[in-house]
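Written below as structure tokens is the structure these notes are about.
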Amino acid sequence: MCGIVGYVGKKKAEPILINGLLRLEYRGYDSAGIATMEKDGIKTIKNKGRVAGLLDIPEISNLEGTMGIAHTRWATHGKPTDINSHPHMDNKKTTAVVHNGIIENYVELKKFLTDNGYEFLSQTDTEVIPNLINYYYEKESGKTENSFLSAMSKAVKDLKGSFAIEVLNQDFKDKMFVIRKDSPLVIGKGDSENYISSDIPAILSFTKDFYLLDDYEFAVLSKDNIDFYDLNLNKVSKSPKNITWDMSAAEKGNFDDFMLKEIYEQPKAIRETIGARVSKDSKIVLDELDFTKEYLESIDRIYIVACGTAMHAGLTVRKILEGFCKIPTEIDIASEFRYRDPLVTKNTLCIFISQSGETADTIAALKLARSKGAKTIAISNVIGSSITNEADYSLYTHAGPEIAVASTKAYTSQITLLAILGMYFAETLGVAKEEVDKLKEEILEIPGKIEDILKDTSKIKTFANRIYQEKNAFYIGRGIDSCVAMEGALKLKEISYIHSESYPAGELKHGSIALIENGVTVVGIMTDPDLTHKTISNLQEVITRGAKTFVVTNQDLENVTFDEVIRVGKVSPYLSPVLSVIPLQLLAYYISKEKGLDVDKPRNLAKSVTVE
Ligand code: M6R
């Protein structure tokens with residue numbers, strides 16, 4: 001949550017910072033602010049609300065400085081107000097800080113500082129940081145860069161929690177200081193200018209060369225130089241990584257919203273994720289792994305751990321891992337897994353899925369699994385992200401940057417990669433050859449089948465227009481379709497604010513059917529030939545009680561009528577979620593548009609959940 005950006009160079013910093021913030025706004029959009037180093041000291045401008053609101057503040061045009069830091073906030077401690085907005089300064093107005101993350105022990109630190117004469121203006125956890133730095137800096141013998149870094153290091157050692165911090169100090173007119181722990185931060189290297197950002201796409205138009213900071217690493221940036229240090233202020237040497245993403249990947253192009261663009265990018269994202277990993281006549285290639293048959297036979301169970309949509313993707317591979325490989329597989333929510341002492345042994349394989357690779361609960365769950373001796377695999381879309389740094393093995397989806405808060409192409413790419421992983425396990429174990437060969441053929445056809453769905457979306461749009469004013473919706477399916485029902489319901493609620501729930505179709509009549517009344521929408525997903533007739537019966541039960549039905553299927557439905565039926569291509573149930581979810585993504589999207597909502601930045605949410 002929260003986006004931070006920084007610039008030092010020859011140009012005026014303010015427009016560059018605003019541009020970066022606008023691109024980072026998906027990370028949080030409760031309030032925004034910037035601080036620049038001016039001839040007469042640090043100047044801050046901040047306000048409650050969106051980044052664009054900063055441009056309405058007349059003083060912004062006075063900012064001439066060529067170095068600055070900026071922030072867009074997703075409020076955790078303290079309401080979104082002007083005062084709680086970042087940057088925050090110390091009492092002496094010499095140090096400005098922007099922060100992404102949470103300082104868990106801020107109450108104790110605030111007390112310590114208050115006892116030492118410091119006063120606080122905001123309700124935030126962040127405000128302790130500039131004051132703590134100032135506290136230690138005043139105790140240093142000189143006002144050198146080294147003494148400032150030493151003060152920062154002491155302050156950071158006192159902080160518990162997660163942070164990516166940018167700092168300006170009055171004594172250093174041409175230097176910015178940054179440090180991170182468990183919160184994302186990248187440094188972009190330019191020509192006589194350098195950048196800081198919470199993620200790569202925000203500054204991709206300025207540079208393609210990036211440094212990734214490890215936990216507790218400092219960087220000191222000036223126009224022509226970047227120095228790296230560890231927490232004990234030993235110099236660290238680093239080489240930049242060249243990012244090959246094309247800038248258009250982070251732009252809306254001809255689409256109204258990132259979400260729609262990302263829905264349409266799914267064929268490409270899946271093709272890239274498949275890459276050279278699957279071909280019809282040869283074995284699955286996963287060079288990142290070195291698993292043997294003996295190792296796979298020794299696994300006592302697999303845990304797949306993730307949050308939100310990533311967890312929903314995890315659910316879909318159980319059928320392959322248990323059905324083909326006969327390995328007991330549990331899918332768990334990271335925030336639960338980390339606190340329930342799971343049965344993880346040295347023979348357990350734990351797979352963590354996170355588009356961003358920065359989700360706090362997923363990272364903590366991964367650390368827990370490692371501490372119990374399990375082997376760990378990270379599945380992420382972001383190269384060098386925290387979970388990939390922590391795990392024994394990393395597998396990347398190649399979906400390209402996903403900007404909209406509602407995850408779409410990341411989900412279908414994750415399912416694709418998980419299916420490939422499941423096939424790799426089956427092949428290594430020497431089981432289910434026929435089924436795996438069929439799946440290989442099918443997976444290669446998936447992108448084309450998504451393109452077919454996307455060719456004509458008019459029926460989905462019309463249905464959205466019919467139901468957008470409804471208050472409740474239910475999503476049902478059986479087997480793998482119940483996993484997709486969960487994802488469909490999440491998509492609808494997060495971007496359209498319609499209350500939606502999902503159930504395995506057979507479960508509805510055990511209580512929740514009491515909520516079905518005239519006009520309530522029930523979405524049925526039916527792609528498993530063995531289970532379709534069962535779900536049809538459940539849909540009949542709700543139709544009898546007045547429900548409107550929207551069905552997504554690849555089966556031939558005879559003698560039954562639903563309000564709308566969307567057909568997707570035929571594929572076996574192991575892969576069907578990648579197709580059946582597309583109409584559900586579009587339904588949520590069109591409903592949100594009908595309601596006139598901000599599809600890409602739904603209320604109360606942020607793209608990357610770096611807090612518990
Ligand atoms: O970056 P991650 O994949 O770890 O994020 C996990 C969830 O926060 C995320 O999938 C969330 O549920 C999405 N907003 C859903 O669209």
Side-chain angles (χ1 to χ4, degrees), residues 1-3 26-29 74 100 162 182-184 198-201 257-260 262-263 266 269 304-316 331-338 351-366 378-388 390-391 394-397 399-415 417-418 475 483-484 486-497 500 502 581-582 584-589 592 597-612:
M1 329 293 233
C2 303
Y26 70 90
R27 300 178 64 86
Y29 28 88
W74 186 83
N100 172 26
S162 57
D182 290 341
S183 283
S198 294
D199 73 17
I200 291 170
D257 322 84
F258 278 110
M259 183 177 174
L260 191 62
E262 288 159 9
I263 290 174
Q266 289 179 103
I304 300 180
V305 185
C307 301
T309 290
M311 194 279 289
H312 294 164
L315 290 166
T316 65
I331 289 77
D332 218 329
I333 294 171
S335 55
E336 290 294 312
F337 178 88
R338 64 182 289 196
I351 302 172
F352 298 86
I353 313 169
S354 173
Q355 185 281 131
S356 63
E358 302 295 347
T359 299
D361 283 317
T362 311
I363 297 170
L366 167 49
I379 293 189
S380 181
N381 194 35
V382 179
I383 293 170
S385 57
S386 297
I387 69 159
T388 64
E390 288 283 338
S394 296
L395 296 175
Y396 289 103
T397 49
E402 190 181 67
I403 310 284
V405 166
S407 183
T408 53
K409 62 176 180 170
Y411 171 77
T412 45
S413 304
Q414 284 160 354
I415 297 175
L417 184 49
L418 286 164
Y475 286 66
C483 311
V484 181
M486 291 169 77
E487 177 58 10
L490 177 63
K491 281 295 84 86
L492 184 69
K493 73 181 76 152
E494 72 179 327
I495 61 167
S496 78
Y497 318 149
S500 50
S502 62
V581 78
I582 310 283
L584 307 184
Q585 295 169 343
L586 287 163
L587 183 65
Y589 172 82
S592 178
L597 299 172
D598 186 339
V599 178
D600 287 338
K601 298 188 196 100
R603 72 182 178 204
N604 302 340
L605 298 177
K607 181 73 183 160
S608 169
V609 185
T610 54
V611 295
E612 263 198 64

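In listed order, ligands and their atoms are each counted from 1.
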- Query: For Gln414, is at least one N or O under 3.5 Å away from an N or O on ligand 1?
  - Reply: no

- Query: Of all the non-hydrogen atoms in the protein, which one sits nearest to atom 7 (C) of ligand 1, and at what distance?
  - Reply: Cys307 O, 3.7 Å

- Message: Please list the nearest protein heavy atom to atom 10 (O) of ligand 1 with its residue and the distance rounded to 0.1 Å.
- Response: Thr309 N, 3.1 Å

- Output yes when a side-chain donor or acceptor of Asp600 lies under 3.5 Å from a complementary backbone atom of Phe258, and no otherwise. yes

- Between Glu402 and Ser407, the two heavy atoms sitting closest are OE1-OG, 3.1 Å

- Item | Shortest non-hydrogen separation from Gln585 to Met259 and the atoms involved | O-CE, 3.8 Å

- Query: Considering only heavy atoms from C-beta outward, does the side chain of Thr408 approach that of Tyr589 to under 4.5 Å?
  - Reply: no

- Query: Does the pair Ser380 and Ser385 meet the rule for a side chain to side chain donor-acceptor pair (under 3.5 Å), with working shown?
  - Reply: CA-CA 8 Å; Ser380 181; Ser385 57; 3.2 Å; yes

- Query: What protein heavy atom sits nearest atom 8 (O) of ligand 1, and how far off is it?
  - Reply: Val609 CG2, 3.9 Å

- Item | Side-chain donor-acceptor pair present, Lys491, Thr309, cut-off under 3.5 Å | yes

- Going by the atom numbers of ligand 1, which of them fall below 4.0 Å from some non-hydrogen atom of Ser354? 1 (O), 2 (P), 3 (O), 4 (O)

- Query: Would you say the side chain of Val599 lies within less than 4.5 Å of the side chain of Leu260, judging by non-hydrogen atoms?
  - Reply: no

- Query: Who are the side-chain contact (heavy atoms from CB on, under 4.5 Å) partners of Ala334, not counting sequence neighbours?
  - Reply: Val305, Cys307, Asp361, Thr362, Ala365

- Ignoring angles and geometry beyond distance, decide whether Lys491 reaches within less than 3.5 Å of ligand 1 through its nitrogen or oxygen atoms. yes

- Task: Compare Glu494, Gln355, Glu358, Met259 and give the one whose heavy atom is closest to atom 3 (O) of ligand 1.
- Result: Gln355

- Item | Which of the ligand 1 atoms, numbered from 1, are nearer than 4.0 Å to a heavy atom of Ser407 | 15 (C), 16 (O)

- Query: In terms of atom number and element, which parts of ligand 1 are under 4.0 angstrom from non-hydrogen atoms of Ala310?
  - Reply: 3 (O), 10 (O)

- Do ligand 1 and Val405 have nitrogen or oxygen atoms that lie under 3.5 Å from each other? yes

- Element-labelled atoms of ligand 1 that are located less than 4.0 Å from some non-hydrogen atom of Ala406: 16 (O)

- Message: Any side-chain to backbone donor/acceptor pair from Gln266 onto Ile263? Under 3.5 Å, distance only.
- Response: yes

- Note on the structure: Residue, atom and distance of the protein heavy atom nearest atom 1 (O) of ligand 1 read Ser356 OG, 2.6 Å

- A student checking ligand 1 against Gly308 at a 4.0 Å heavy-atom cut-off should list atoms 12 (O)

- Looking at atom 5 (O) of ligand 1, what's its closest protein heavy atom, distance included? Thr359 OG1, 3.5 Å

